[in-house]
Protein chains: 2
Amino acid sequence: MGATKSEHFTDEQNQLAILTKALGHPARIAIIQYLLKVNTCICGDIVNELPLSQPTVSQHLKELKNAGLIKGNVEGNAICYCINEIGFAKIKGLFTQVDLHLEKTKNECC
Amino acid sequence: MGATKSEHFTDEQNQLAILTKALGHPARIAIIQYLLKVNTCICGDIVNELPLSQPTVSQHLKELKNAGLIKGNVEGNAICYCINEIGFAKIKGLFTQVDLHLEKTKNECC
DNA sequence: TTTTTATATTGCAATATTACGATATATATC
DNA sequence: GATATATATCGTAATATTGCAATATAAAAA
């Protein structure tokens with residue numbers, strides 16, 4: 001074994017897992033934070049910001065893009081990456097539910 | 001290779017990655033959603049809710065607990081699991097920043 | 001104390017992820 | 001066209017994750 005049994009879960013569960021899994025690496029968190037910091041599209045200096053090789057960074061960018069957390073547009077011979085709000089909006093739903101739950105229960109159990 | 005180079009990233013980045021990675025599996029999303037749904041501590045029926053064996057579910061629960069997303073208290077010979085607000089609060093910070101960013105930029109780039 | 005019930009741990013096989021050197025591709029500039 | 005620059009892909013080694021059967025542990029009930 002070793003393969004996730006995604007066919008046994010709902011589409012929503014698989015979607016949320018894909019999104020959160022894509023965030024689940026410090027390099028990819030760093031990429032998102034960098035995109036937030038520069039507050040505008042950046043066109044290729046992410047490699048210089050990270051302690052990883054160019055192919056590795058490219059791979060992380062691809063994963064974030066596939067998951068729907070960033071967008072990448074060709075801009076000359078560089079590429080402009082930026083936050084994809086759609087992906088983040090989907091995750092946000094889960095956190096809203098957590099907040100509602102905590103308000104309701106005040107987490108008085110454990 | 002194959003090991004994440006966590007020593008090259010900040011503590012905050014590693015912490016966020018640990019939290020989001022723990023959410024990055026449909027079974028663990030399903031566990032969180034179930035805890036939200038029952039709206040109270042559950043004491044062992046998670047195994048019956050999931051299409052996975054008892055050892056596998058136990059492992060997923062352990063990962064969520066280690067990451068700080070759920071708490072587990074012994075309750076007789078069963079165990080009471082529930083949401084750990086601290087873990088969720090930490091992730092929430094990232095999403096707040098994303099929201100602020102999107103408000104400021106209106107994401108007019110890509 | 002024995003048995004039952006609930007959960008955790010161990011061991012292992014299958015698969016996935018991470019990382020990077022080498023190389024390919026694609027656009028810009030000369 | 002030739003060259004430079006930016007990014008992606010391939011190939012591959014090291015490591016991590018997923019899943020479960022078997023087994024261990026620990027508390028409750030008999």
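Throughout, protein chains are lettered first and strands after them, A, B, ... in sequence-line order, and every chain is numbered starting at 1.
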Taken to the nearest whole Å, CG/A/N73 to P/C/dA26 is 17 Å
Notebook entry, point to check: Hey, does B/E75 reach any base, or is it just sugar-phosphate, or nothing, if we go heavy atoms under 4.0 Å?
Noted result: nothing
Sorted by chain and residue number, the side-chain contact (heavy atoms from CB on, under 4.5 Å) partners of A/Q15 (sequence neighbours excluded) come out as A/L19, A/K90
From CD1 of A/I18 across to P of C/dA16 the rounded distance in Å is 13 Å
When rounded to whole Å, the CZ to C1' distance for the pair A/F9 and D/dT18 reads 11 Å
The reported gap from CD in A/E63 to NZ in A/K21 (rounded to nearest 0.5 angstrom) is 8.5 Å
Worksheet item: When you check the phosphate oxygens OP1 and OP2 of D/dG19, does a side-chain N or O of B/T56 lie under 4.0 Å from one of them?
Response: no
note: B/L52, atom CG; D/dT18, atom P; distance rounded to Å ~ 11 Å
Between B/D99 and A/K92, is the side-chain contact (heavy atoms from CB on, under 4.5 Å) condition met? List the steps. CA-CA 10 Å; B/D99 284 346; A/K92 220 180 145 185; 2.9 Å; yes
Subject >> A/Y81 side-chain N/O to D/dA8 phosphate OP1/OP2 under 4.0 Å >> reply: yes
Of B/P55 and B/E63, the one whose closest nucleotide on DNA chain D sits nearer the 5' end is B/E63
Rounded to whole Å, CG of A/N66 lies from P of D/dT9 at a distance of 9 Å
Is any side-chain heavy atom of A/F9 closer than 4.5 Å to one of B/L52? yes
Of A/V74 and A/Q59, the one whose closest nucleotide on DNA chain C sits nearer the 5' end is A/Q59
Value for CD1 (B/I46) from OH (B/Y81), rounded to nearest 0.5 Å, stands at 7.5 Å
Indicate the ring-plane relationship of A/H60 and A/H25, choosing parallel, tilted or perpendicular according to the 30° and 60° boundaries. tilted
message = Students often get this wrong, so: under 4.0 angstrom with heavy atoms, is B/K65 touching a base, only sugar-phosphate, or nothing?
response = nothing
Checklist entry - Is it true that A/I42 and A/L61 fall in one hydrophobic cluster, defined by side-chain heavy atoms closer than 4.5 Å? => result yes
In numerical order, the residues of residues 25-38 of chain A whose heavy atoms come under 4.0 Å of DNA chain C are A/H25, A/R28
From CD of A/Q54 across to C1' of C/dA22 the rounded distance in Å is 11 Å
| So, is A/H60 close to the C/dT17 phosphate, meaning a side-chain N or O under 4.0 Å from OP1 or OP2? | no
note: B/K21, atom NZ; D/dT15, atom C1'; distance rounded to Å ~ 10 Å
When rounded to whole Å, the CG to C1' distance for the pair B/N77 and D/dA28 reads 5 Å
- Query: C/dT7 phosphate, OP1 or OP2: any side-chain N/O from B/K62 under 4.0 angstrom?
  - Reply: no
